J.: 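Below is a structure I'd like to ask you about.
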2 protein chains.
Amino acid sequence: MERRTRQRDAIRRVFEEAGRPLGPTEVLDAGRAHVRGLGIATVYRTIASLVEAEWLTPVELPGEPARYEVAGQGHHHHFRCRTCARVFEIHGCTGTIDLHPPAGFTIERHEVVLYGLCDTCAA
Amino acid sequence: MERRTRQRDAIRRVFEEAGRPLGPTEVLDAGRAHVRGLGIATVYRTIASLVEAEWLTPVELPGEPARYEVAGQGHHHHFRCRTCARVFEIHGCTGTIDLHPPAGFTIERHEVVLYGLCDTCAA
DNA sequence: ATAGATGCAAAGGGTTTGCACTTGA
DNA sequence: TCAAGTGCAAACCCTTTGCATCTAT
């Protein structure tokens with residue numbers, strides 16, 4: 001991520017305007033509105049360097065290709081709509097999980113993924 | 001899943017003896033100890049029909065190919081060892097998660113995945 | 001000018017499918 | 001017997017990589 005290019009500006013802008021985690025194909029589609037001929041390889045390479053630069057964070061859900069969101073948003077969970085398949089960030093979730101692992105197992109972290117209907121699809 | 005074959009017996013046995021979720025490659029490797037020349041396509045097809053028959057349940061973890069476990073074990077979470085990458089079933093976990101989704105969002109279910117060190121790798 | 005970035009196409013990994021051969025009932 | 005099941009190889013999908021071309025500095 002050394003030079004500033006139209007492609008990279010467009011890809012960053014797509015993430016900023018989306019406000020939710022996006023997959024490479026979603027980025028490609030939205031990015032082509034800004035840069036005609038944008039290639040999928042450029043999307044993947046740019047995402048990789050933005051993750052490396054900690055400007056993006058990977059969001060991985062079970063059984064699906066990785067999405068990415070703008071980094072630095074603090075602790076939150078992710079919500080996937082079962083109808084439109086879009087993923088949203090859910091802030092303000094609290095809760096505790098009491099873990100009783102088998103003897104000898106050490107739990108270092110956990111991931112929580114929520115599923116349901118988003119506002120648009122529920123309407 | 002209409003005929004009984006050496007391959008299918010071997011694959012079911014591999015799952016029963018493993019006692020933890022297995023991926024197709026793990027099944028292939030273990031299955032070849034019982035049936036020489038076992039093919040990966042047969043593993044995939046047999047897993048698919050065992051899932052269809054509800055004898056197996058898919059276990060999907062973020063960013064990884066699906067694993068499968070013997071069905072009918074009630075509610076439990078999954079634990080992935082960061083060192084050996086094996087996945088274990090964790091029963092007896094309790095906890096609550098207070099969810100405060102945005103207005104209009106409906107949460108129907110959630111998934112929890114635990115990460116850490118298994119007993120063997122911690123030793 | 002020139003090294004970094006891009007786009008295309010080919011290559012990679014995991015999974016699925018087509019097809020001729022094998023085998024269970 | 002003969003349709004279901006198997007193994008191989010090719011096809012697929014998503015992602016990464018090689019390479020000639022383009023471009024920001």
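All chains are named by letter (A, B, ...) in the order of the sequence lines, taking the proteins before the strands, and each is independently numbered beginning at 1. Small disclaimer: the values here were computed from a predicted structure and weren't measured.
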J.: Can you name the residues that form a side chain to side chain contact (heavy atoms under 4.5 Å, CB included) with A:Glu17, not counting sequence neighbours?
T.: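 So A:Glu17 forms a side chain to side chain contact (heavy atoms under 4.5 Å, CB included) with A:Arg13, A:His34.
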J.: Counting heavy atoms from C-beta on, name the nucleotide in D:dC14, D:dG5, C:dT6 closest to the side chain of A:Pro65.
T.: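 Ranking D:dC14, D:dG5, C:dT6 by closest atom to the A:Pro65 side chain puts D:dC14 first.
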J.: Give the rounded distance in Å between these two atoms: CG of B:Leu28 and C1' of D:dG7.
T.: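 About 11 Å, once rounded to whole Å.
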J.: Check residues 59-67 of chain A and write down every donor-acceptor pair under 3.5 Å in which the side-chain atom is one partner and the other belongs to a residue at least two apart or another chain.
T.:
| from | atom 1 | to | atom 2 | distance (Å) |
| --- | --- | --- | --- | --- |
| A:Glu64 | OE1 | A:Arg67 | NH1 | 3.4 |
| A:Glu64 | OE1 | A:Arg67 | NH2 | 3.2 |
| A:Glu64 | OE1 | A:Arg80 | NE | 3.2 |
| A:Glu64 | OE2 | A:Arg80 | NE | 2.5 |
| A:Arg67 | NH2 | A:Ala85 | O | 3.1 |

J.: Can you name the nearest heavy-atom pair linking B:Asp9 to B:Arg12, along with the distance?
T.: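 Distance-wise, the nearest heavy atoms are OD1-NH2, 3.1 Å.
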J.: Let me know, please, whether B:Ala66 or A:Gly39 comes out on the 5' side of the other along DNA chain C by nearest nucleotide.
T.: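 The answer here is A:Gly39.
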J.: Between D:dT6, C:dA5, D:dG7, which nucleotide has the shortest distance from any of its atoms to the side chain of B:Leu38?
T.: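 When the side chain of B:Leu38 is considered, D:dG7 is the closest of D:dT6, C:dA5, D:dG7.
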J.: Take the protein atom CD of A:Glu64 and the nucleotide atom C1' of D:dC13, then report the distance between them rounded to whole Å.
T.: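 About 15 Å, once rounded to whole Å.
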J.: Could you state the atom-to-atom distance from CG of B:Asp9 to C1' of C:dA25 in whole Å?
T.: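 Atom-to-atom, B:Asp9 to C:dA25, this comes out as 15 Å.
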J.: Looking at residues at least two apart in the chain, or sitting in another chain, which of them share a salt bridge (charged side-chain N to carboxylate O under 4.0 Å, His left out) with B:Arg109?
T.: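 Partners of B:Arg109 under the salt bridge (charged side-chain N to carboxylate O under 4.0 Å, His left out) test: B:Glu111.
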J.: Please list every donor-acceptor pair under 3.5 Å in which a side-chain atom of residues 18-27 of chain A meets a protein atom from a residue at least two apart or in another chain.
T.:
| from | atom 1 | to | atom 2 | distance (Å) |
| --- | --- | --- | --- | --- |
| A:Arg20 | NH1 | A:Glu26 | OE2 | 3.4 |
| A:Glu26 | OE1 | A:Gly23 | N | 2.8 |

J.: Just how far, in rounded Å, is P of C:dA5 from CD of A:Glu52?
T.: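 Distance, rounded to whole Å: 13 Å.
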J.: Taking only residues two or more places apart in sequence, or in another chain, which ones meet A:Phe105 in a ring pair (Phe, Tyr, Trp, His ring centres under 6.0 Å)?
T.: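 Ring pair (Phe, Tyr, Trp, His ring centres under 6.0 Å) check on A:Phe105 returns B:Phe79, B:Phe88.
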J.: OP1 or OP2 of D:dG7 versus the side-chain N and O atoms of B:Gln7: is any pair under 4.0 Å?
T.: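 For D:dG7, OP1 or OP2 has a side-chain N or O of B:Gln7 closer than 4.0 Å.
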J.: What does the B/S/- profile of nucleotides 16-25 of chain D look like, 5' to 3', with a 4.0 Å heavy-atom cutoff to protein?
T.: BBB----BBS
